[in-house]
Amino acid sequence: MEDEKKYNPNEFESKMFDLWEKENVYSTSIQSSGSKREKAFCLSMFPYPSGAGLHVGHVRIYTGTDVLARYFKMIGRDVLHPMGWDAFGLPAENAAIKAKKNPIDMVPGNIANFKRQMNMLGLSYDWKREFSTTDPSYYKWTQWLFIQFFKMGLLYKRNTPIHWCPKCKTGLAEEEVLANGTHERCGSEITKKELPQWIFRITAYAEQLLDDLKLLDWPKGILEMQKNWIGKKEGVNVQFKAEGSNLNVECFTTRIDTLFGVVAVVVAPEHQIAVESAKENADVKTYIDEAQKKSAIDREDNTKKKTGVFTTHYVLHPLTDKKIPVWVGDYVLGSVGTGAVMVVPAHDQRDYDFAKVYGLDVIPVVAPQKGEKQVVNEAYENDGIAINSGKYSDLSSYEARKAITADLEGGNKGKKMISYHLRDWIFSRQRYWGEPIPMVHCEQCAKKGTTVYNKKFTIPDEVQTANKGWIPLTDKQLPLELPYTASYEPTDTGESPLSAIPGFTETTCPVCGGKAQRETDTMPNWAGSCWYFMRFAQEKRGETLPEFMQGLQNSSWMPVDWYLGGAEHAVLHLLYARFWVKALRDLGLVNYAEPFLRLRNVGMVLAEDHRKMSKSWGNTINPDDVVAQYGADTLRMYEMFMAPFNMEIAWSTAALQGGHRFLKRVWALYTSQNHKIEKSNPELVNKLNKTIQKVGDDIAQTKFNTAIAALMEFLNAYEATPELQDSEAKKFIQIIAPFAPFITEKIWRDVFKENTSVHLSTWPTQTEVDIKETSVEVPVQVNGKFRGIVKVPVGAEQEEIVKVALVAEGIQKYLEGKKYRLIYVKGKICNFVLL
RNA sequence: GUCGGGGUGGCGAAAUUGGCAGACGCGCUAUCUUGAGGAGGUAGUGCCCAAAAGGCUUGGAGGUUCAAGUCCUCUCCCCGACACCA
């Protein structure tokens, strides 16, 4: 190099990018099924390309995945590192409505901008695999998959209430409804509206979705959240026979061992008994009417007293025939369990509260310990020993559950039940900007009972009934393209905007050729993200069905090895994608059970003021500005260094300079050396060896912050003793390369005159170095308090250390003339415990 | 309320998993250098005490241990998800 030149990333970053493009540096090597090399499919959750461009939070995820991809490539794995666009969905549609444009016209510009920014950041994507979920060539297959799921009986039509904003006259997504039951945009109170909708039977896979969690290397907390979301509960449906009528009540309980403590049965206001009893009892009628009127706001209020009303009906206790009063209470929900609960005030806090209000008995039937007299002033909800429970007394709660369940089942008075919190997935949206659902409804076929189900599967009767007359399009009719239209705003009937497009609904039946009506609902945003990773992994995408199926079946890239993204997708996206993969496996289209082997969460990037970045706060940071000022490498270094990858961070412009300074020093060191070093300093090589090891280990554990700390530490040492010959000096550049791809490439080519990219180089090995570590330092404690360090020869035995310690300055005075016991842990600690 | 994640210098954090708490970075102080700079070098920097000696220190209180940021019990605070789930 000629004279020292200032580090000026803007001068070369885009040139390096051009070189990479020209030299095809990031094209994916084919992972053929015969490949002996290990694969690494590194994937960031793909973005919705908004008009606002990349957020510094995006930069964090993508850089993390990029570091992994670059590292794995360097250690010799076949790497797949793709990127694409999740462009369907509400935000895009709302933005388009605001801009008075069709989203179809807006998406390409947004994508181009995102892509420009990603390239600016030096992300090593293989753009040959890029696609958008809105490409007809992609959603053709999303539609095809929908049809396969329909044919295996996983989809059915059902009337389902949607959130409805009466003011905006539009259906709303869950996320548009605020916690207080109002619409996030207009603030009006949300009501419900019943519409026929496509429902996915995800509950059919509840057990597998729960079971297979054990196959996954995911953060513990996310696994826990998935488990709780599926919410498996084992219990008993127990029959309470009506006295003098046929109005029996069935209650689900997980605590059948408390059956002898039942003092009442409470049914939900929607329950049949409540409805029946309202006909003859004015109080009940009033109560139910009131309950139905209650808004979301009231129901939110959990400080309110439990309320209820006695129906005047009685049922009989299944084991004792005791008369049990039946109440209606709005704290019981029609949609949970059987819509009725048995009230055991002694062992359920809500029941206890209810009993206190209405003066019901509190009968303790579980004691914490055998023989213990239980004092009840709040519910005792734990297990214990059964008391006051007839022949079951003295059994443990667990034993009592088993015994009572067995006896109930024997007497036909109860049945073991497993219940799940997970509910079926509503898959219809009455919106324009989604994949059209490729189904038609044919009256003639409905009458004839024509079906097109996949013969390999048994289709439940309910599903068959619900789907009467629904016929999927043929493969040749796909894609069913979203019609281009000027008016795609939500309709005021609640139906999809597609229903208002002339000529869209009328069609012919693919089976009988008669008149048929098209489905006008579209798919939710989740649809595209349920299988996009498999699309990336297809070696050949193929336009024909056989090619497509082969592309799925023969991909040796799947499953994803590293999946990085925000914890906000802990439940929904990850659960839905897992569900699709399991269904596809049952269809024989893939041969793995789980899509994402390793999941790592990225923490949010907050603004400098510790609030969320938002235009309205005026605290946003635009990656373009940061790159213009400091270069992309600085931004990348900073975001990787600031904190552990999964922790939330607040932006700090000051700390950003730290990363910049590091790169400047690297630049200065490498561009200023004008003489060759003949022989490397062995101490420094030793340190370099350790750094190579640590950086690699840390990257593989997504501990990017400590990897960079190690790089900084080495730089400090290197600057103090700038004695590395080229073969060693290059190694340091190589291990910085995953983090700062531009500056390292520049130095690699200009200083070391290499003409193949540093990013295609092999991760450096450690050089044998002849260093005799002659002495070791052993920390010395007296009575567990650190008092100093002694230096002893390597391999020194206990006596030797003691000898040195006894005369060492700072230690001696604590030991003089004292008797002691010695704790010595070789290589770790020497502790004198005075007697 | 339930579940999950956290609490370590002025700040972001580290700690080989029970063995020298505070690596690395930011900031700050002193000093040198530069025509200037959101520049660079050197030294220092957890807290208390004028300094040394010494003592204290990982939200708080107990406990186990020769030894606790790390393990156990109780407790306080912050963030996220769900929320009357039977």
Side-chain angles (χ1 to χ4, degrees), chain A residues 6 179 219-229 231 233 235-237 251-255 258 265-266 268 299-304 306 329-333 335-344 348-351 353-354 419-421 423 567-568 570-571 601 603-604 606 610 629-630 637-638 641-644 646-662 664-665 668 694 697 703 705-716 719 777-789 813 820-825 827-834:
Chain A
K6 263 179 85 179
K220 214 181 96 255
I222 304 287
L223 290 174
E224 203 57 33
M225 284 161 85
Q226 289 241 337
K227 189 179 148 213
N228 294 340
W229 186 265
K233 283 211 180 74
V236 176
N237 270 0
C251 297
F252 177 76
T253 176
T254 57
R255 290 299 303 273
T258 62
V265 156
V266 179
R299 280 188 279 115
E300 279 295 307
D301 186 2
N302 61 2
T303 59
K304 71 170 188 192
K306 305 271 175 287
D330 68 0
Y331 77 100
V332 177
L333 305 180
S335 57
V336 176
T338 57
V341 299
M342 55 186 221
V343 178
V344 186
D348 182 287
Q349 192 57 44
R350 280 160 311 156
D351 293 349
D353 296 343
F354 186 76
S419 86
Y420 297 92
H421 172 261
R423 284 198 287 262
E568 67 273 18
V571 183
N601 288 129
M604 238 201 296
L606 300 176
H610 290 258
Q629 200 165 356
Y630 298 97
M637 287 294 290
Y638 163 67
F641 177 62
M642 269 307 281
N646 61 331
M647 297 266 270
E648 190 175 88
I649 54 173
W651 186 263
S652 161
T653 304
L656 179 73
Q657 314 252 14
H660 193 58
R661 217 167 278 163
F662 170 80
K664 266 194 332 206
R665 286 162 57 194
K694 166 129 182 97
D697 291 350
K703 287 165 72 176
N705 57 328
T706 50
I708 290 176
L711 292 172
M712 288 173 165
E713 247 178 285
F714 179 77
L715 181 63
N716 290 341
E719 278 182 333
E777 295 187 329
V778 180
V780 176
Q781 297 179 334
V782 179
N783 278 342
K785 252 191 193 337
F786 173 74
R787 292 301 178 187
I789 282 178
K813 62 182 169 186
Y820 56 83
R821 182 160 73 90
L822 191 68
I823 307 277
Y824 176 56
V825 183
K828 292 215 164 154
I829 201 85
C830 180
N831 189 4
F832 292 87
V833 185
L834 302 182

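Residue numbering restarts at 1 for every chain, and letters A, B, ... go by the order of the sequence lines.
- Residue A/Arg661 places at least one side-chain N or O closer than 4.0 Å to OP1 or OP2 of B/G27.
- Comparing the C1' positions of B/U57 and B/G7 gives a spacing of 15 Å, expressed to the nearest Å.
- For the pair A/Asn716 and B/G25, the criterion of a side-chain N or O lying under 4.0 Å from OP1 or OP2 is met.
- Using a 4.0 Å heavy-atom cutoff across all strands shown, A/Thr254 reaches sugar-phosphate atoms only and no base atom.
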Side chain to side chain contact (heavy atoms under 4.5 Å, CB included) for A/Tyr820 and A/Val833? Distances and angles first, verdict last. CA-CA 5 Å; A/Tyr820 56 83; A/Val833 185; 5.9 Å; no
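- Distance, A/Glu648 CD to B/C78 C1': 11 Å, rounded to whole Å.
- Here B/C82 presents its C1' atom at 7 Å from NE2 of A/His421, a figure rounded to the nearest Å.
- Of all nucleotides present, none satisfies the Watson-Crick or G-U wobble test against B/U17 with each distance under 3.5 Å.
- The side chain of A/Glu224 has B/G4 as its nearest neighbour among B/G19, B/C84, B/G4.
- Heavy atoms of A/Gln781 sit under 4.0 angstrom from at least one base atom.
- Atom CD1 of A/Ile708 and atom P of B/C24 are 15 Å apart (whole Å).
- The distance between atom OH of A/Tyr824 and atom C1' of B/A67, rounded to the nearest whole Å, is 16 Å.
- The residue among A/Ile649 and A/Ala710 whose nearest nucleotide of RNA chain B is located toward the 5' end is A/Ile649.
- Residue A/Arg665 places none of its side-chain N or O atoms closer than 4.0 Å to OP1 or OP2 of B/G40.
- Rounded to a whole angstrom, the distance from the C1' atom of B/A81 to that of B/A13 is 26 Å.
- Nucleotide B/U17 carries a syn base; the chi torsion (O4'-C1'-N9-C4 or O4'-C1'-N1-C2) is within 90° of 0.
- Of the inter-residue distances, the one linking A/Thr338 atom OG1 with A/Asn237 atom CG reads 6.0 Å to the nearest 0.5 angstrom.
- The structure places CE of A/Met642 at 9.5 Å from CG of A/Leu656, a figure rounded to the nearest 0.5 Å.
- Across all strands shown, B/A81 is found opposite B/U2 as a Watson-Crick or G-U wobble partner, with both distances under 3.5 Å.
- Rounded to an integer number of Å, the gap from OH of A/Tyr420 to C1' of B/C85 is 15 Å.
- Taken to the nearest 0.5 Å, the CD atom of A/Glu713 stands 10.5 Å off from the OG1 atom of A/Thr706.
- The nearest whole Å value for the distance from the CD atom in A/Gln226 to the P atom in B/A81 is 16 Å.
- The side chain of A/Arg350 contributes no N or O atom lying less than 4.0 Å from OP1 or OP2 of B/G1.
- Nucleotides B/U16 and B/C26 place their C1' atoms 26 Å apart, quoted to the nearest Å.
- Side-chain N/O atoms of A/Lys664 include one lying less than 4.0 angstrom from OP1 or OP2 on B/G40.
- When both pairing distances are held under 3.5 Å, B/A52 makes no Watson-Crick or G-U pair with any nucleotide shown.
- The two residues A/Cys251 and A/Val341 have their closest heavy-atom pair at SG-C, 3.5 Å.
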Run A/Ile823 and A/Gln781 through side chain to side chain contact (heavy atoms under 4.5 Å, CB included) and show every step you take. CA-CA 9 Å; A/Ile823 307 277; A/Gln781 297 179 334; over 6 Å; no
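- Atom P of B/G6 sits at a distance of 12 Å from the matching atom of B/C71, rounded to the whole Å.
- Within the 4.0 angstrom heavy-atom criterion, only backbone atoms of the sugar-phosphate kind lie near A/Val833; the bases stay farther away.
- When the C1' atom is used for both B/C77 and B/C85, the distance is 29 Å, rounded to whole Å.
- Here the straight-line distance linking atom CE of A/Met712 with atom CE of A/Met637 works out to 5.0 Å at 0.5 Å rounding.
- Contact annotation for A/Asp351: no contact, since no heavy-atom pair falls under 4.0 Å across all strands.
- Taking syn as a glycosidic angle within 90° of 0, B/G12 does not qualify and is anti.
- Across all strands, A/Asn831 comes closer than 4.0 Å to base atoms (heavy-atom distances).
- Backbone-only engagement by A/Pro644 is indicated by non-hydrogen atom pairs under 4.0 Å involving sugar-phosphate atoms exclusively.
- Distance from the side chain of A/Met712 is smallest to B/G25 among B/A86, B/G25, B/C20.
- Across all strands shown, B/U45 is found opposite B/G27 as a Watson-Crick or G-U wobble partner, with both distances under 3.5 Å.
- Using the six-membered ring where Trp is involved, A/Phe354 and A/Tyr331 have ring planes that are tilted, between 30° and 60° apart.
- When the nucleotides B/C24, B/A86, B/A14 are ranked by their closest atom to the side chain of A/Phe641, B/C24 comes out on top.
- Counting any heavy atom pair closer than 4.0 Å across all strands shown, A/Val266 reaches no nucleic acid atom.
- Comparing B/C24, B/A14, B/A86 by their nearest atom to the side chain of A/Glu713 picks out B/C24.
- Within the nucleic acid shown, A/Arg787 comes within 4.0 Å of sugar-phosphate atoms alone, with no base atom in reach, counting heavy atoms only.
- Here the CZ atom belonging to A/Phe662 is positioned 8.0 Å from the CD1 atom belonging to A/Ile708, to the nearest 0.5 angstrom.
- Note: CG (A/Asn228) to P (B/G5) measures 11 Å, nearest angstrom.
- Look at the C1' atom in both B/C32 and B/C48: the space between them is 33 Å, to the nearest Å.
- What separates CG of A/Leu656 from P of B/G12 is a distance of 17 Å, to the nearest Å.
- Comparing A/Ala340 and A/Gln657 by the nucleotide of RNA chain B that holds the closest heavy atom to each, the one mapping nearer the 5' end is A/Gln657.
- Proximity of A/Lys703 to the phosphate of B/A14: no side-chain N or O atom is located under 4.0 Å from OP1 or OP2.
- Within the nucleic acid shown, A/Gln629 comes within 4.0 Å of at least one base atom, counting heavy atoms only.
- The shortest distance between the side-chain N/O atoms of A/Asn646 and the OP1/OP2 oxygens of B/G5 is not below 4.0 Å.
- The partner of B/A67 is absent, by the rule that a Watson-Crick or G-U pair needs both atom distances under 3.5 Å.
- An OP1 or OP2 oxygen of B/A68 is reached within less than 4.0 angstrom by no side-chain nitrogen or oxygen of A/Lys785.
- Spacing of C1' atoms, B/A30 relative to B/G35, comes out at 24 Å, to the nearest Å.
- B/A61 and B/G1 are spaced 25 Å apart, taking the C1' atom of each and rounding to whole Å.
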